[in-house]
Amino acid sequence: MEKQDYVLLDGKKTAADIRAEIALEVERMVETGKKRPHLAAILVGHDGGSETYVNNKVKACEACGFRSTLLRFETNITEAELLDEVRKLNEDKEVDGFIVQLPLPHHISEQKVIEAIDYRKDVDGFHPINVGRLAAGLPCFVSATPKGILELLRRYDVRTRSKHVVILGRSNIVGKPLASLMMQRSYGDATVTVCHSHTVNLAEECRRADILVAAIGQPEFVKADMVREGATVVDVGTTRVPDPSRPRGFRLSGDVMFDEVAPKCSYITPVPGGVGPMTIAMLMQNTLAAARNEYYT
Ligand code: GUN
């Protein structure tokens, strides 16, 4: 078998480019007398992954010239108290957009919290109004991971039109909105297959993909025999796997067995440094759009 050269879809560099573009835009806004975009984030508890994500979101705000506010609460906050914090952010005229970092402790209904967020400030795009408007092809906040995947492909000139996109995973955050975007004429314009835990002949479905997106959170699930020669592979997985040889005691593992899959690919995302940074860059884009009332007034 010929070893094929593959191109790394460098999300880290692309996200840095996007942050720089946003920062320029923000300085233009400020020069013309507009206020800086302001993102707030609610973080409940001390989940390591969530802490890292939220810290990176705050850092990204700095790089973009945004204001940011981080509201931290202990795991024992009640659902009613958290809903009240959401209400305060809804009403705060100084805040353009905000997120509640997921997952939440089990005694709090994530859906209830998401539905309490004013959809006009829902820069995660998780509120049913944004989800519904996305499905209907209407202007709205698009959830950041699917949006980041499309943007990364676009910036590397990986065409999606008329391609067969196979998505592993049907989550509300990634699989479902990505399927919706990929099939829509004004976004992906692709033919889409969504696979999940009850899909028959999963490997065969995957081998039909021109573009394979793995978003199931199972380390190294996608093996070389599931990927067609010349395919593009996008790895959304970021599972912390114990690794005593690392300073922090773990490494991030993607859903793709990179070393054996990459040689078959035209394009592939690394983990880390692929989809993750793009997600945060798209959250920044959404916050800029919120500050400009681009979707809602
Ligand atoms: N948890 C994992 N991904 C996300 C995300 O994109 N937004 C929020 N709020 N929580 C998450």
Side-chain angles (χ1 to χ4, degrees), residues 11 15 18 39-61 66 68-73 75 77 79 82-83 85-86 89-90 95-106 108-119 121-131 134 140-152 167 169-178 180-181 213-218 234-240 252-255 269 271-272 274-287 289-290:
I18 293 169
L39 175 71
I42 292 181
L43 174 60
V44 179
H46 299 273
D47 174 74
S50 291
E51 297 220 4
T52 304
Y53 288 133
V54 170
N55 283 336
N56 288 338
K57 288 169 186 179
V58 169
K59 276 190 215 154
C61 282
F66 293 177
S68 69
T69 301
L70 172 56
L71 300 168
R72 296 201 62 149
F73 301 98
T75 315
I77 187 172
E79 185 179 271
L82 187 57
L83 289 170
E85 294 298 332
V86 167
L89 289 175
N90 285 341
V95 171
D96 296 298
F98 67 98
I99 63 152
V100 179
Q101 187 65 30
L102 305 178
L104 291 171
H106 295 300
I108 298 174
S109 159
E110 288 185 351
Q111 197 54 33
K112 223 172 177 176
V113 171
I114 288 167
E115 290 189 37
I117 297 171
D118 185 331
Y119 68 92
K121 292 189 176 188
D122 169 38
V123 285
D124 260 334
F126 293 169
H127 190 284
I129 289 180
N130 284 310
V131 175
L134 172 66
C140 64
F141 292 112
V142 176
S143 76
T145 301
K147 187 172 172 165
I149 292 169
L150 272 133
E151 185 64 15
L152 188 59
I167 300 167
R170 53 180 161 185
S171 69
N172 286 347
I173 293 186
V174 186
K176 277 191 229 168
L178 182 63
S180 183
L181 282 172
V213 182
I216 46 176
Q218 289 194 42
V234 176
D235 190 346
V236 185
T238 51
T239 308
R240 287 183 167 199
L252 281 188
S253 173
D255 289 349
T269 61
V271 174
V275 174
M278 290 302 295
T279 297
I280 297 179
M282 295 301 102
L283 178 66
M284 300 300 117
Q285 273 193 357
N286 284 351
T287 304

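Just follow the structure's listing: the first ligand is 1, and inside any ligand the first atom is 1. In what follows, every heavy atom counts, from backbone to side chain, and hydrogens, waters and symmetry copies are set aside.
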For ligand 1, which part of Leu283 has a heavy atom less than 4.0 Å away: the side chain, the backbone, both, or neither?
-> neither

Quick one: look up the protein heavy atom nearest atom 8 (C) of ligand 1 and list residue, atom name and how far away it is.
-> Asp124 OD2, 3.4 Å

Could you find the nearest protein heavy atom to atom 11 (C) of ligand 1 and give me its residue, atom name and distance?
-> Gln101 NE2, 3.3 Å

dist Ile42:CD1 -> Ile99:CD1 (nearest 0.5 Å) comes out at 9.0 Å

Here the gap from Ser68 atom OG to Leu39 atom CG, rounded to the nearest 0.5 Å, amounts to 7.0 Å

Just checking, any donor-acceptor pair under 3.5 angstrom between side chains of Thr145 and Thr279?
-> yes

Flag for Glu51-His46: side-chain donor and acceptor within less than 3.5 Å | yes

Regarding ligand 1, does [X] bring an N or O atom to under 3.5 Å of one of the ligand's N or O atoms?
{"X": "Ile99", "value": "no"}
{"X": "Leu102", "value": "yes"}
{"X": "Thr279", "value": "no"}

Below 4.0 Å from any atom of ligand 1, is there a heavy atom belonging to Thr145?
-> no

Can you find a non-hydrogen atom of Tyr53 under 4.0 Å from ligand 1?
-> no

N/O donor-acceptor pair under 3.5 Å between Asn286 side chain and Asp122 backbone = no

Partner of Val271 under side-chain contact (heavy atoms from CB on, under 4.5 Å), picked from Thr239, Asp235, Val236, is Asp235

